[in-house]
S.K.: 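First the structure, which I've put down as structure tokens, then a few questions once you've had a look.
Chain letters run A, B, ... following the sequence lines, proteins first and then strands; every chain starts at 1.
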2 protein chains.
Amino acid sequence: MVTLKHLAEQLNVSISTVSKALHDSNEISPDTIERVKALAKFLNYKPNQLAVSLKNSKTNTIGVIIPNILNHFFAKALFAIEQEATKQGYNIITCVSNEKHSKEINSLQLLSNGSVDGFIMSIAEETQVANKVDHINAILNQNIPIVLFDRVSDDIDCGKVIIDDFGAAYEATKYLLSEGRKNIILLSRIDELSVGKLRAKGYFKALDDDTTYNEEPNCITISHDESIEERIEALLTKNKKIDGIVAVDNTTGVIALHKALKLNINVPKDLSIIGFSDENVLQFTDPKLSTVSQHTLDIGKASVEMLINKLKDKSSVQNTTKTIKAKLILRGTTK
Amino acid sequence: MVTLKHLAEQLNVSISTVSKALHDSNEISPDTIERVKALAKFLNYKPNQLAVSLKNSKTNTIGVIIPNILNHFFAKALFAIEQEATKQGYNIITCVSNEKHSKEINSLQLLSNGSVDGFIMSIAEETQVANKVDHINAILNQNIPIVLFDRVSDDIDCGKVIIDDFGAAYEATKYLLSEGRKNIILLSRIDELSVGKLRAKGYFKALDDDTTYNEEPNCITISHDESIEERIEALLTKNKKIDGIVAVDNTTGVIALHKALKLNINVPKDLSIIGFSDENVLQFTDPKLSTVSQHTLDIGKASVEMLINKLKDKSSVQNTTKTIKAKLILRGTTK
DNA sequence: CTGAAAGCGCTAACAT
DNA sequence: ATGTTAGCGCTTTCAG
């Protein structure tokens, strides 16, 4: 590895002269600057980032901790985070918590020792269910900024980027009501997550606000050890009155669609479905699933922006919560 | 941030004593070791990784460069890489090339300056199509190890982890032949990638080896600016004789299945489909897609193992190519 | 058993 | 305009 020392020796100048020359310092003569730069280029000199970081107490690296990279939402968020971070001259170190509280603690510990300037994270399911957030607050107390996205907690005082989960589910439900649906169920595999709870609330509120709607709200929650497919197939087989589905997680909407098609239910004539899957590979179905688009790219981008803002001016930047507007995208499974 | 210096001052010993004590050096008295450790724990001391890395010229970090994280195969590989790396005490820094040659060069440059000990990567489409691999060889010449997985190049001399693409496609095609299929087409959106070429070869060879097969091989390649869905729908509509499909990329198999169902083609009675999609969310279809499983987790794991081996003993470890066996998983779209 | 000192590669305040 | 020096936090050799 080529170092400043090498260059200095070759050129018979001091290390600091080389350093200054490479930074275009006006303390150095144009002539020297040129010579230094020429040699640096020739030898393909690149400053050792470790040394720079150590010296400056700044790594230009963001730690990203996501619960599950096989979940398309998080993969997409990571994509956006990586893209925006790169654009702003930051690297990312990625850790996957795998929804485990302990892994989240480890990652946070591991990276908070000078490896990163701050964190962008979405909290693990275990963490959220138990609402054990001491480990996160400990990092904040060390004055390392964190931005939470999507899955957040009221017990953590930091920057947050979320979507309007309540409003999005409210709008989705209202849309089905406006189609004249009389038997709208909610499907959720994320009952225990903050976003799941909020979306359920939106659904309840929408039904509640509609004075002409007579049915009881029907909230189908599916646990992790259940077969989603069997459960949904049974549901649609038994309860023929269902004419609207609001699926508030990643996959149940698509599965419901597949099962409806299999059971020869006419979608969207006799059954409307709205999912939360975002536009992705899942949508090679025919008809295509209508969804609430979560603007995942915007979420990632906004998270990076918020964190970098904080990094640039730690003291004065207030902790804010940014809400990214979700949007109903009507495709083939709604009228 | 708590440093060795802090601990030393508090305890009225030297910095080196503290350092040695924390490493259980037998130069230090048990008593001192205990006192040091107690205080370290109390103050939640964590060694600054940057300083350790700088000192040791070793970062315990692996740079991972993947072409596209929204591709489920790469997301899964990344998952496995992260998991195995963590297990072995390594962090990963992730960059996404987005299939761009220039971005790949940037990432490599950026991280090769002391930030990582080595790389695991799958090369970008642009890089592979043009076979411009100088940037990668430049890194290897700096004595920074690289392990390539899935998409590799003969012009790069380094560790490689691949699947037996030729054999896998050969077996898949042979299976359809054994079902008695008489009109088997190949579907590919990755015609220009090394893996795509090998899989196509396997398909050709299998047909060629079967003396009773009379049709010409029919290799449908779909370019990036085409609508895959329209193309496949048109294909299945026009050519009713097709009774077998080998889809050698991530998505065309699933799309073919959807279109076949839409067109009321009986799968697998009148048409068999084998994809390369790996078991994933795509398979909420009914029937489920039969696929060639690429053992993606094994690929990721093997890549990490190979790289760490090389890191541990740079000089003596030979560059090998490890082939992970692919496996035909028969589900619902084959007889 | 403990400590002083050098050095990883870099930056920057402070000479000259 | 250039050089000297100190120091970021750590490890490690060498002296005591």
S.K.: Would you mind checking if A/Glu82 and B/Lys103 are paired as a salt bridge, meaning a charged N to carboxylate O distance below 4.0 Å?
M.R.: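 A salt bridge links B/Lys103 with A/Glu82.
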S.K.: Contact class for A/Thr32 (heavy atom, under 4.0 Å): base, sugar-phosphate, or nothing?
M.R.: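 The answer is sugar-phosphate, as A/Thr32 gets under 4.0 Å only of primed atoms, P, OP1 or OP2.
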S.K.: Using every non-hydrogen atom in the two residues, find where B/Ile65 and B/Ser107 come nearest and quote the distance to one decimal.
M.R.: CD1-CB, 3.9 Å
S.K.: If every non-hydrogen atom of A/Lys37 is compared with every non-hydrogen atom of A/Asp24, which pair is closest and at what distance?
M.R.: NZ-OD1, 2.8 Å
S.K.: OP1 or OP2 of D/dA1 less than 4.0 angstrom from a side-chain nitrogen or oxygen of A/Thr17, does that happen here?
M.R.: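 So the side chain of A/Thr17 is outside the cut-off, no N or O lying under 4.0 Å from OP1 or OP2 of D/dA1.
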S.K.: Whole-Å distance between D/dG9 C1' and B/Lys58 NZ?
M.R.: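 So the two atoms are 18 Å apart, to the nearest Å.
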S.K.: Does OP1 or OP2 of D/dG3 have a side-chain N or O of A/Ser14 closer than 4.0 Å?
M.R.: yes
S.K.: Applying a 4.0 Å non-hydrogen cut-off, can you work out what B/Pro30 is touching in the nucleic acid: base, sugar-phosphate, or nothing?
M.R.: sugar-phosphate
S.K.: If the sugar-phosphate is the primed atoms plus P, OP1 and OP2 and the base is the rest, what is the B/S/- string for nucleotides 9-16 of chain C, using protein heavy atoms under 4.0 Å?
M.R.: BBBBBB--
S.K.: Taking atom P of D/dG9 as reference, at what distance in whole Å does atom CG of B/Leu7 sit?
M.R.: 12 Å
S.K.: From CD1 of B/Ile28 over to P of D/dT13, roughly how many Å is that when rounded to an integer?
M.R.: 14 Å
S.K.: Any salt bridge linking A/Arg151 with A/Glu99? Criterion: basic side-chain nitrogen under 4.0 Å from a carboxylate oxygen.
M.R.: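 Salt bridge flag = yes for A/Glu99 with A/Arg151.
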S.K.: Would you mind classifying the nucleic acid contact of A/Asn26 as base, sugar-phosphate or nothing, using non-hydrogen atoms under 4.0 angstrom?
M.R.: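 If one applies the 4.0 Å heavy-atom cut-off, A/Asn26 turns out to touch the sugar-phosphate alone, with no base involved.
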S.K.: I'd like to know if the side chain of B/Thr127 reaches the main chain of B/Ile123, judged simply by a donor and an acceptor atom lying under 3.5 Å from each other, with no hydrogens or angles considered.
M.R.: no
S.K.: Is the distance between the ring centroids of B/His72 and A/His72 under 6.0 Å?
M.R.: no
